[in-house]
Amino acid sequence: MNISTSMIVLIAVMGLFGVGLYCLLITRNLIRLLVGLQIMVKGAMLLLVFVGQSQGQPSLGQSMALTVIVADTIVAVIGLALAVQVKRIVGTLDIADISKLKR
Amino acid sequence: MDVNTAFTWLLMVPMISSAVIYLIGRIFSRGLKNDKKTNPAKWLALIALLVTGIFLYFIITNVFSTGQTHYQNFGDVWFRFDGISMMLSLLVLVLGILVTIYSFTYMGKESGEEKFYALLVMMIGAINGLGCALDLFNLWVWFEVMTISSIVLVAFYKDQAASLEAGVKYLIQSATGSVMVVIGIALIFLETGTLNIEMMRMSINSPSPFLIIGGALLVIGFGVKIAMVPLHTWLPDAHSQAPSGISAMLSGVVIEVGLIALLRALGGIALSGGRWGYLLIGFGVLNMIVGNLLALRQNEVKRLLAYSSLSHVGYMLLGFGVLISLNGLLAGVGAVFHLITHGLMKSLAFLAAGVFLYNFHISKGSHKVLVLDDLNGASKKYPFTAFAFSVALLSLGGLPPLAGFMSKWQLLAGIAQTQNTIMIILVIFAGLMSVLSLGYYAPLVNRMYRKEPADIVMEGESVSIWMYIPLALLTLAVVVLGFVPSLLYWLTGPAGYSLFIFFGQ
């Protein structure tokens with residue numbers, strides 16, 4: 001079985017996505033959750049760049065990846081802002097301590 | 001006016017005015033620290049939405065006079081204004097204007113009013129754009145703008161632990177969903193080589209695993225926003241903790257927008273051999289069961305309404321699933337009609353609940369939740385609000401002379417016309433579910449009219465005129481649409497048909 005570039009990239013994408021998702025599932029710290037999200041998004045960006053390259057439209061793939069970076073940064077900023085506010089109001093970053101709504 | 005210009009401005013006006021509203025509102029609120037003067041942000045927001053409405057009117061008259069779909073491109077990115085975009089833009093603008101008027105009082109005492117209106121206008125603009133996007137990646141961008149603005153709006157009471165918690169849950173789940181959508185889009189692009197949904201349809205000639213995986217990721221990613229049942233856990237928290245006007249927008253439009261986005265995206269890969277329609281029907285059935293059963297045991301009014309949104313999304317999923325898998329045009333038209341009436345009556349319910357919440361708790365500076373006991377005897381002091389709330393609840397439950405009955409009737413009749421045995425069983429099931437839902441709507445009406453007034457009701461403040469206007473208009477709409485459903489046929493027919501040709505062979 002030959003190892004091609006595309007296979008390496010796809011495995012890397014799945015790896016990044018898997019690590020991010022695993023991080024989301026096991027961690028309870030709000031900041032680490034956001035880091036997990038970021039890792040997942042990096043997988044998606046890598047895939048977009050690779051897809052653009054393999055379709056012969058590298059500029060399209062890269063511009064999509066840039067757009068994803070922008071959108072993702074905004075999500076991260078809002079997430080961190082919420083984290084700051086949670087720390088101020090609740091006094092902890094542990095998400096187990098802010099689960100009061102579910103009854 | 002040239003329709004191309006009008007279309008450009010339809011997309012541009014809300015986005016530009018969002019920034020303008022924030023800047024001007026900010027300058028005024030800094031300059032007039034302890035002054036009693038009102039912040040101009042709310043008037044600017046209302047004007048921006050009305051101007052957008054004027055451009056929408058120009059486009060709609062043009063689309064009707066030429067009888068065609070309007071295509072427009074900005075570079076390589078194509079937009080398509082068809083029946084479904086028209087329906088979505090009109091619904092979101094009407095609800096947005098009413099919610100803006102309602103929030104004049106509701107948000108009047110909050111600090112950072114200008115942020116609220118700027119984000120609301122941005123959300124409405126994003127939904128306008130999403131309805132017309134024909135480019136898969138562009139669809140995601142509009143979707144993301146809408147998500148981001150709604151996250152901040154959900155966590156608007158930034159000093160309340162409960163609303164922060166709802167915001168965190170919403171953010172994490174939505175962001176995970178968005179990543180899945182991006183990966184799905186990339187996989188579909190890898191297989192078809194185009195992002196234009198119409199060209200994508202032509203380039204697909206055989207089933208492929210990448211398309212199936214991509215489609216599945218799209219269903220999961222958009223499914224978070226639609227609140228399909230295993231992915232619904234953010235919804236009751238977000239809808240109950242947001243300011244009431246935003247709850248109305250979230251429940252009346254935003255979850256339906258996820259559905260429209262999913263249908264647009266699936267339309268591109270409809271020929272890939274995946275049985276997407278049956279998947280949606282399955283999720284619809286799950287949503288009805290779980291939504292209704294969980295709503296039965298709620299003690300908070302807004303949480304109860306949020307769970308009832310789940311079951312109503314189930315009806316829409318059922319109708320659109322039948323449209324995709326069995327070519328049931330009438331079921332699709334019925335689902336579009338249910339989407340509109342659900343938007344109207346669920347907004348009315350949330351706004352009326354918000355009137356109670358505001359006058360009982362928020363105007364006194366407390367952020368307690370509105371529980372069922374607070375409604376006891378509310379009709380004695382708030383006769384009109386109680387009447388509007390009852391109309392909304394009975395319409396949601398599907399009682400005959402109201403709009404909710406008509407839309408459910410058209411939806412179920414459309415499904416029954418496919419003459420498929422399983423579908424007939426599903427129609428009976430959906431009818432029974434509608435009866436079950438009365439089990440939690442009717443007690444609320446009973447509480448308001450037949451119980452002795454609670455102390456909190458008698459101590460409540462009186463309702464301001466700005467809150468009465470949207471309530472009165474929505475009540476009128478729900479009642480009139482129940483008697484004369486044909487008033488909306490010009491809107492639902494083209495919308496259902498444009499989805500139908502999107503999925504046709």
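Since the structure is predicted, the reported quantities are computational estimates derived from the model, not experimental observations. Letters A, B, ... are given to chains in the order of the sequence lines, protein chains preceding strands, and every chain is numbered from 1.
- Contacts from residues 213-221 of chain B to chain A, taken as heavy-atom pairs separated by less than 4.5 Å, involve no residues at all.
- Separating the CG atom in A/Leu33 from the CD1 atom in B/Ile172 is a distance of 4.5 Å, to the nearest 0.5 Å.
- Across all their heavy atoms, A/Val75 and B/Ala175 have their closest contact at CG1-CB, 4.0 Å.
- The 12-atom threshold is not exceeded at OH of A/Tyr22, counting heavy atoms of other residues, nucleotides or ligands nearer than 6.0 Å.
- The most heavy-atom pairs under 4.5 Å with chain A, out of B/Leu187, B/Ile185, B/Val168, come from B/Val168.
- Crowding of B/Met15 atom CE: a count of heavy atoms from other residues, nucleotides or ligands under 6.0 Å exceeding 12.
- At a 4.5 Å heavy-atom cutoff, the contact between B/Ile151 and chain A is made by side-chain atoms alone.
- Within the 4.5 angstrom heavy-atom criterion, atoms from both the backbone and the side chain of B/Ala161 approach chain A.
- Counted within 6.0 Å of CZ on B/Phe210, heavy atoms from surrounding residues, nucleotides or ligands total 12 or fewer; the atom is thus considered open.
- B/Leu190 and A/Ser54 get closest at one heavy-atom pair: CD1-OG, 3.3 Å.
- Counted within 6.0 Å of CG on B/Asp76, heavy atoms from surrounding residues, nucleotides or ligands total 12 or fewer; the atom is thus considered open.
- Taking both residues in full, the closest heavy atoms of A/Leu48 and B/Ala186 are given as CD2-CB, 3.8 Å, listed atom of the first, atom of the second, then distance.
- Taking CG of B/Asp159 as the reference point, atom CD1 of A/Ile89 lies at 4.5 Å (rounded to 0.5 Å).
- Residues A/Asp72 and B/Val179 form no side-chain contact, since every pair of their non-hydrogen atoms from C-beta on lies 4.5 Å or further apart.
- Contact record, B/Leu195 with A/Met64: CD1-SD, 3.6 Å, taken as the closest heavy-atom pair.
- A/Leu82 and B/Ala155 make their closest contact through CD2-CB, 3.7 Å (heavy atoms, listed as atom of the first residue, atom of the second, distance).
- When heavy atoms are compared at a cutoff of 4.5 Å, B/Phe189 approaches chain A by way of both its backbone and its side chain.
- Across all non-hydrogen atoms, the minimal contact from B/Glu191 to A/Gln55 is N-NE2, 4.4 Å.
- Side chain of B/Glu144 to backbone of A/Ala71: no donor-acceptor contact under 3.5 angstrom is found.
- Contacts of A/Val90 with chain B are made by side-chain atoms alone, with heavy-atom separations under 4.5 Å and no backbone atom involved.
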Side chain to side chain contact (heavy atoms under 4.5 Å, CB included) between A/Leu34 and B/Leu171: does it pass, once the steps are laid out? CA-CA 10 Å; A/Leu34 292 171; B/Leu171 178 117; 3.9 Å; yes
